[in-house]
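So that the names make sense, note that chain A is the first sequence line, chain B the second, and so on, each numbered from 1. If you're wondering where the values come from, they're calculated on a predicted model, not measured in any experiment.
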There are 2 protein chains.
Amino acid sequence: MNLRELAQHLGLSKTTVSRALNGFSEVNEETRLRVVEAARRFNYTPNVSAKRLATGETGAFGVVLPGASAEMADPVFGEFLAGLADGAGRCGRDLYVNATFDGEEAGYRRLARAKAVDVMILANLKIDDLRIRLLSHLGLQTVTCGRTAGSLIYPHLDIDHEDGVRRAVELLAGLGHRTIALVSGPADLSASEQRMVGWHAALSRHGLSAAAHLFTAGPSTEGHGYRATRALLDAPTPPTAFVCASMFLASGCCRAIGDRGLRIGEDVSIIAHDDGLATVRPEAFEPALTTTFSSIRAAGIRVAELAAQLVGGSDPADLTEVWPVDLIFRDSAQAPPRR
Amino acid sequence: MNLRELAQHLGLSKTTVSRALNGFSEVNEETRLRVVEAARRFNYTPNVSAKRLATGETGAFGVVLPGASAEMADPVFGEFLAGLADGAGRCGRDLYVNATFDGEEAGYRRLARAKAVDVMILANLKIDDLRIRLLSHLGLQTVTCGRTAGSLIYPHLDIDHEDGVRRAVELLAGLGHRTIALVSGPADLSASEQRMVGWHAALSRHGLSAAAHLFTAGPSTEGHGYRATRALLDAPTPPTAFVCASMFLASGCCRAIGDRGLRIGEDVSIIAHDDGLATVRPEAFEPALTTTFSSIRAAGIRVAELAAQLVGGSDPADLTEVWPVDLIFRDSAQAPPRR
DNA sequence: CATATCTTCCAAACCGGTTCGGACTCCTTT
DNA sequence: AAAGGAGTCCGAACCGGTTTGGAAGATATG
């Protein structure tokens, strides 16, 4: 059942039926109801390809996966992608996932030339991310999850990692901790830089050391969390508190602390960032982890909405949001042992 | 630059240019070279939407994410998706990811009605998966990663989990283990059933117990691996060897064993299944884990190729593959301690 | 009553490709 | 020399929507 057949059935023109279904004002209300009813009865759905050709919009958002598989194996990114697909679906758009087998830049160029998507979506922004400039140069509209250095204005949603870490460190310092380590994700990520800024700010406010060896960066995995924590505990003045950038890093951190025979909460405190993944819940830890929380799935949904608004003609400058994180008290952050 | 403009530049008709670019035989070789050269020079890329409308093919494969976020938080699924996107790209197709905010079935029906994809791709098949029948009923071609019960014929790639577990158990039994547990993934998954079959087969061949309490199923996470292993170690006759269905389950398994003060390899043996994720490498464990290996990313790429062949008109019955797994010896599987 | 305006609808053009059914040239066959 | 067949190329139709530029009739305005 296509538009022409539907129109014939109704004794109307294609034009009128199209307008009735798309909510134009110049069609009689009575006629519109008749059309909508018939469309429902005949199970009519407009052909996506035809619509795209006619409107010039593709109705799709694009995500490019980096060639290295590391990002997709990251469950946080997967969850973000799920949110994106969810949000896109709600806005009546598709999510087009492109893997780059021949370099990331080539992937973007292909998409731009074929006009395959309306908006590109970028996540895991690097400090001064080159992709933003490339996309702007290619004339592709872009929405990002995260901010980066540089003067270009683009719609984005960011999570306030800086404030999250700042508040976590403030809490630990307030409890009496004097040596507070930051176990962060990949060093080249904008989010990691934000975390370091927050860490520094809170430490200097309390007059505490921000020695370089107390800051570690690396892949956001249990394995790296374990190794980093072991190394930190081996230092001459080991930290009594750890701020971890993800639940996976925190898992490794806990394991390393357990290996040393230390008790979490009593001997050593931990605050982790929780992205809200169903598979690693802070309450399931022993003891339950104090966390900074922000749902990455919700962020994905919202980014898709921002992209839809951008296509709808909103001013990019209005489409920027920074989400605060919640600090949730549980049992893993307590006062350090008396000496 | 579109086809008409390109044709005008060349002094040819749209027809000839289109045929030259698509490799039809009825165009002079000299002309074809001239056309291809001009297309390259003017940076011409056919408009995706127009092509789709004209051919009736969408050029896209579809994946529906289940409403619950659990699957996307699974890094193994994420890696499979990355492989899918990779393979689709190589075949010149798109990958459409659709989240279902209103029920999985509704998502499939939407895609079918709008003719948005050429082939649906299914993963994480359930035992007797209802989705296959639904899609066949909706007239959507389907390719799956995994097999399921039922008589319908559909293109699929499966990984031989049954044989993997069988060989792992044979190895452990050969080393002298008498009580061998299986720590598996979600019980409703077809792969989990395959593993149980392999486990039973190998145990009975060696005259060993396949008592129900030695088999556990649950989410494929570190947390569940930990809890399951603790429970198994608390049994009256605790196992001396564990076969884990994923690296994450194995992580938890290792932690539980460590908590008990047991040494992996010496006191207790482990064999895990490794999907080839870069973030959890078996060599990084202490000691290095003996594994059954099969790259889930490679599987994703191959599934996309199968889908492309299906669209190309291959017989579905020819598009079925079962991949063997490699058994890789490392240090975590050794003879049990003498009593 | 003539004119302007509004409402409602439609025919035809358009988006940018693919493909059917010739048409023309040149070469071979009988 | 006529007939048949490759080898090339083209005009026009088609895919299924949206959108432009009226047109007809109803209603309001002077």
Side-chain angles (χ1 to χ4, degrees), chain A residues 1-36 38-39 42-60 92-94 112-118 311-313, chain B residues 1-36 38-39 42-60 92-94 112-118 311-313:
Chain A
M1 171 63 67
N2 58 24
L3 189 64
R4 185 167 44 84
E5 291 166 7
L6 184 61
Q8 275 173 354
H9 265 280
L10 286 159
L12 292 168
S13 73
K14 290 200 314 178
T15 309
T16 304
V17 175
S18 170
R19 300 204 138 140
L21 292 173
N22 289 320
F24 280 64
S25 60
E26 61 197 274
V27 42
N28 192 344
E29 189 55 29
E30 195 186 327
T31 318
R32 120 138 355 96
L33 288 176
R34 207 156 59 87
V35 170
V36 170
F42 290 116
N43 219 357
Y44 167 76
T45 311
N47 179 301
V48 177
S49 305
K51 189 169 211 157
R52 290 180 180 178
L53 179 56
T55 58
E57 283 183 11
T58 67
R93 320 290 172 128
D94 294 327
R113 270 182 21 186
K115 294 211 193 313
V117 300
D118 295 332
V311 174
Chain B
M1 171 63 66
N2 58 25
L3 189 63
R4 185 168 42 85
E5 290 166 7
L6 183 61
Q8 276 172 354
H9 265 280
L10 286 159
L12 291 168
S13 73
K14 291 201 311 178
T15 308
T16 305
V17 175
S18 170
R19 299 200 140 143
L21 293 174
N22 289 321
F24 280 64
S25 61
E26 61 196 271
V27 41
N28 191 343
E29 189 56 29
E30 194 185 329
T31 317
R32 118 135 2 90
L33 287 176
R34 208 156 58 88
V35 171
V36 170
F42 291 116
N43 221 358
Y44 167 77
T45 310
N47 179 302
V48 178
S49 305
K51 189 169 211 156
R52 289 179 182 180
L53 178 58
T55 57
E57 285 183 9
T58 68
R93 319 289 172 130
D94 296 335
R113 270 185 19 188
K115 294 209 193 312
V117 300
D118 296 332
V311 174

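Straight-line distance from the CZ atom of A/Arg4 to the C1' atom of D/dC15: 10 Å, rounded to whole Å. Taking atom CD on A/Glu29 and atom P on C/dT7, their separation rounds to 14 Å, with Å as the unit. Atom CG of B/Leu12 and atom P of D/dT8 are 14 Å apart (whole Å). For the pair B/Glu30 CD and D/dT8 P, the computed distance is 10 Å after rounding to whole Å. One interatomic measurement links the two molecules: CD of B/Glu26 to C1' of D/dG5, which rounds to 15 Å at whole-angstrom precision. Between the CG atom of B/Asn28 and the P atom of D/dC9 there is a distance of 5 Å, given to the nearest Å. Rounded to whole Å, atom C1' of C/dG17 lies 16 Å from atom CZ of A/Arg52. In this structure, the CG atom of A/Leu53 is 11 Å from the P atom of D/dT18, given to the nearest Å.
With C/dT18, D/dG17, C/dA11 as the choices, the nucleotide that has an atom nearest any side-chain atom of B/Leu3 turns out to be C/dT18. Checked against C/dG17, D/dT19, D/dT18, the side chain of A/Lys14 finds its nearest nucleotide in D/dT18. Of the listed nucleotides (D/dT8, D/dC15, D/dT18), D/dT18 has the atom at the smallest distance from the side chain of A/Ser18. Closest to the side chain of B/Thr15, from the set D/dG17, C/dG17, D/dA12, is D/dA12.
When each of B/Ala54 and B/Val27 is assigned the nucleotide of DNA chain D bearing its nearest heavy atom, the one mapping closer to the 5' terminus is B/Val27. Comparing A/Thr55 and B/Lys51 by the nucleotide of DNA chain C whose heavy atom lies nearest to each, the residue mapping closer to the 5' end is A/Thr55. Mapping B/Arg32 and A/Arg19 onto DNA chain D by nearest heavy atom places B/Arg32 at the nucleotide closer to the 5' end.
At least one side-chain heavy atom of A/Val35 sits under 4.5 Å from a side-chain heavy atom of A/Leu12. Counting only heavy atoms from C-beta outward, the side chains of B/Met1 and B/Asn43 never approach each other to under 4.5 Å. Here the side chains of B/Asn47 and B/Asn2 are not in contact, with every heavy-atom distance at 4.5 Å or above.
For C/dG16, neither phosphate oxygen OP1 nor OP2 lies less than 4.0 angstrom from any side-chain nitrogen or oxygen of B/Tyr44. Taking side-chain N and O atoms only, A/Thr16 has no distance below 4.0 Å to OP1 or OP2 of C/dC9. Remark: B/Asn47 is not in phosphate contact with C/dG16, judged by side-chain N or O atoms under 4.0 Å from OP1 or OP2. Distances shown here put every side-chain N or O of B/Ser49 at or beyond 4.0 Å from the OP1 or OP2 atom of C/dC15.
Here the side chain of A/Ser18 pairs no donor or acceptor atom with the backbone of A/Lys14 at under 3.5 angstrom. Put simply, the side chain of A/Arg32 gets close to the backbone of A/Phe24: a donor and an acceptor are under 3.5 Å apart.
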